[in-house]
Amino acid sequence: MFFQNLAARLEETFKRLRGRGKLTEADVNEALREVRMALLEADVNFKVVKDFTARVKEKAIGGNVMESLTPGQQVIKIVHEELTELMGGQSARLSLGNAIPAAIMMVGLQGSGKTTSAAKLAAHLRKQGRHPLLVACDPYRPAAMEQLRVLGKQLNIPVYLPPAVAAAAAAGGVAVMAPTAPAGVTAVPPDPVRTAREGLEHARAGGHDVAIIDTAGRLHVDDELMAELTRIKEAVKPQEVLLVVDAMAGQDALNVAESFNQRVGIDGLVMTKLDSDARGGAALSARSVTGRPIKFVGVGEKLDALEAFHPERMASRILGMGDVLSLIEKAEEALDVKKAEEMQKKLLSAQFTLEDFLEQLKQVRKMGPLDQVLGMIPGLGNLKKLGGLQVDEKELVKAEAMINSMTLKERRTPEIIDGSRRQRIARGSGTSVQDVNRLLRQFDETKKMLKRFAGLEKGLRKGKGGRFPFPMD
Amino acid sequence: MASLKERIEQGLAKVRGGFGQKLAGLFTGGRRIGEDFYEELEETLIAADVGVQLATDSVEYLRKKARETRASETGQLKDLLRQHFLETLERPIVAPSASQGGAASGEPLALAAAPPTVYLIVGVNGTGKTTTIAKLAARIKVHRQSVLLAAGDTFRAAAAEQLGIWADRVGVPMIRHQEGADPAAVAFDAISAAKARKTDIVIVDTAGRLHTKVNLMEELKKVHRVVAREVPGAPQEVLLVVDATTGQNAVQQAKLFKEAVGVTGVVLTKMDGTAKGGVAIAVAGEVGLPVKYVGLGESVEDLVPFDAKAFVQALVP
């Protein structure tokens, strides 16, 4: 779950702060030492960290403590604001202008996830009513074009391939191309600049309103390939150049982003692999060094696992406030609004029964991997740590079977489930009594959790004026 | 072919140019040891991705040594830092046991007493597993041993095609199934083929997977189980491919992959692109996994055995 560790870390720091009546300089320093450590461990570049902690310190010590806030709240407020700022303030959209076809160019290091992101982006744009064309401009990595072709086929979105490659694909083979032409390989790779231009032409002729150009991965220190990117850019004049950044990248991400921005010029960032446990600090560095916003995040291997990036929500999430808004949005996509509202209410009311739990499991499975959804609920980032809810999909199937084997009464009042009932449920669902015990324990824990967050949510609604939903004193 | 030493030096030139140069500046010119020196050193180490913990520890270590030896100039601490890193890197290295045939292949990899030997290649998405396999196969071929590749990435679009192109280039056979097939079945078939053809070494590719995905890690465990069942003692090596540009998450990757399938060593790829190499020390130090190879470029010859001494020498010139 992303940022979980950083969130937990900061929460830990501020728990200490919360216990005090007044905020001294020593308090601020101690807190910021923790913040610095947490950010560095999260792979935020050390220069960015330095800058960040300095800014917070200045505001925390020099600034006025607002009358309505405790000093602890004040520091959290500043950290929150600065983090939001660091990630770009407002959430950013693609700006494709009026050009038809508009062009989007994907660039980045090898293995950052350009091809997959290009396909995901195409699917995303189609959902918004556009007619995208994918253009395969990576002649170097073996089978890269084939990969894009297959992805396009899976999505039923057309892919433009250079003629030689298209012919080979049609014949059922894969055109062999080589970056450094090892011995025995003679095929000349198609010129990516030409392919890009032709791709755009093809989009225009075919009535596509947006062309997504997948380029080859390259090192930021590779002059020749960086120059090639510039030529592609000049040839197609894209509305958006998106730099794809791996969320797991380390300190060097800052230099990579800076180079790409200086040499090619980028308009936005795509953070990939955010469904890992990487804390993603590098992407924050990339954002702050280029001044370009993060526009999308990749959160899974499936082709619909691309989401808009919301800096303000992400900042809340880092602070352990969760991301209730994202949850609702996600739910709305998978369910009808009414059901989503109901579920939201139940999730937060802490009055839900095993029946709701089952309903919720079913709906949650529709929304995608459970760990993502859980990560958006305030504080549930800690669930894994508590050994609470198992996020394994198989476990979900089991849980569903067990709940299905319960009577209505048992589902509504789980307290009545005694030993013999447990045995019956286990037999009925093909599981063991231990499994049933575990499910009931998990249910209990989840319920307890939700009770806590129900309180939080109320605070959150009231707290528009800068108050924070923490029980601080 | 350029000599091995030249190759390493070329590849590490950027490491030296970035991180190394900064460190050299810290250690030269009769600079006095002071708080600002330690602070700068810590920052430089963190910037190299060695991790906060290791950076802090290293600085503390030098501080202590400086007190003990009454050193006054930073230059006196250079060898100490080198030694410190070298020890961390070399600690996890154990010589392949004789019963396993030792390192007779000429590679820093264990061999089975009787063929086939099986190597399993694992890692998160986009680290360069497939390319590494091609390079490794090319190296093994030089030693006149036969190699068979298993296209175990049945998930990603065109992954088998990618490996297939490499197999053609290197000139080794490959076993593949349809996209979406069970990777364990691919491994099984490859091993059966290797037995029938009396192939020396089977290298099994696997789909990139995030170490946090329970079901995908289970799938990997199954591949491992099938390999172990078909060839006693196999896989002789499980190599985790780590992108050198990765930050602290590499440690987490190493931990979880080791836990799941008993990783025996690390291949550090894309060392030509980054100005740092600290992640290697972090993985060796915190997870106890030796680095076995370094990827220094895109062509087939750009995989070289890891040389801790040369690496440290380049980091702290």
Side-chain angles (χ1 to χ4, degrees), chain A residues 1 37 40-43 45-47 50 109-113 115-116 140-151 154 174 176-180 182 184-185 219-222 246-253 255-256 272-273 275-279 281-282 301 369 371 390-394, chain B residues 14 18 43 46-49 51-53 55 124-128 130-131 134 155-166 168-171 179 208-216 218 243-250 252-253 256 269-270 272-276 278-279 297-300:
Chain A
M1 211 165 311
M37 286 284 275
L40 285 174
E41 277 173 9
D43 291 320
N45 186 275
F46 74 98
K47 289 180 202 155
K50 226 175 177 176
L109 296 181
Q110 285 101 336
S112 54
T115 306
T116 307
Y140 306 120
R141 178 164 62 92
M145 291 187 173
E146 173 68 8
Q147 184 186 354
L148 193 65
R149 189 184 71 82
V150 173
L151 291 175
Q154 280 171 15
V174 179
V176 175
M177 282 154 291
T180 43
V185 179
L219 297 169
H220 55 297
V221 288
D222 189 329
D246 188 329
M248 296 187 268
Q251 296 280 323
D252 205 41
N255 304 327
V256 171
T272 57
K273 305 178 203 174
D275 48 332
S276 70
D277 57 351
R279 304 178 206 178
E301 299 203 340
D371 50 357
Q390 254 290 354
V391 195
D392 189 351
E393 291 283 324
K394 271 191 199 136
Chain B
K14 285 180 199 104
E43 245 167 34
I46 287 172
D49 285 321
V52 191
Q53 194 61 49
V124 301
N125 316 62
T127 54
T130 306
T131 312
F155 177 78
R156 207 202 69 201
E161 280 78 4
Q162 186 182 347
L163 189 67
I165 292 172
W166 278 117
D168 283 349
R169 279 187 201 168
V170 177
E179 210 170 288
R209 67 200 71 221
L210 295 174
H211 47 291
T212 47
K213 306 268 167 168
V214 178
N215 50 346
L216 294 180
E218 286 300 324
D243 185 332
T245 62
T246 311
Q248 296 314 298
N249 195 249
Q252 199 62 15
Q253 291 170 22
L256 292 185
T269 58
K270 309 183 197 174
D272 52 330
T274 168
K276 301 29 189 227
V279 75
E298 297 190 32
S299 64
V300 159

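Residue numbers begin at 1 in each chain, while the letters A, B, ... track the order of the sequences.
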### Query
About how many Å separate CG of A:Leu109 and NZ of B:Lys270, when rounded to the nearest 0.5 Å?
7.0 Å

#### Entry: Nearest heavy atoms of A:Leu219 and B:Asp272, plus distance in Å
CD1-OD2, 3.5 Å

### Message
B:Glu179 vs A:Val150, test: side-chain contact (heavy atoms from CB on, under 4.5 Å). Steps then yes/no.
### Response
CA-CA 11 Å; B:Glu179 210 170 288; A:Val150 173; 3.9 Å; yes

### Option from B:Asp243, B:Thr245, B:Thr246 for which side chain to side chain contact (heavy atoms under 4.5 Å, CB included) with A:Met248 holds
B:Thr246

### Query
Would you call A:Lys47 and B:Glu43 a salt bridge, taking side-chain N to carboxylate O under 4.0 Å as the test?
no

### Task
Would you mind checking which part of B:Leu216 comes under 4.5 Å of any heavy atom in chain A, side chain (CB onward), backbone (N, CA, C, O), both or neither?
side chain

#### Entry: Heavy-atom closest contact (B:Arg169 atom, A:Pro142 atom, distance)
NH2-CG, 4.0 Å

### Message
If only side-chain N and O atoms count, and only distance matters, is there a donor-acceptor pair under 3.5 Å linking A:Glu301 with B:Asn125?
### Response
yes

### A:Ala143 versus B:Ile165, closest heavy-atom pair with distance
N-CD1, 3.6 Å

### Summary
In this structure, CD of A:Glu146 is separated from CD of B:Glu161 (nearest 0.5 Å) by 5.0 Å

### Message
Going by side chain to side chain donor-acceptor pair (under 3.5 Å), name the residues that satisfy it together with A:Gln147, two or more places apart in sequence or in a different chain.
### Response
A:Arg141

### Query
Is there side-chain contact between B:Thr212 and A:Asp275, with heavy atoms separated by less than 4.5 Å?
no

### Summary
Hits for side chain to side chain contact (heavy atoms under 4.5 Å, CB included) against B:Ala55, two or more places apart or cross-chain, chain-then-number order -> B:Glu42, B:Leu45, B:Ile46, B:Val50

### Message
Could you tell me if A:Gln110 and B:Glu298 have a donor-acceptor pair between their side chains, going purely by distance under 3.5 Å?
### Response
yes

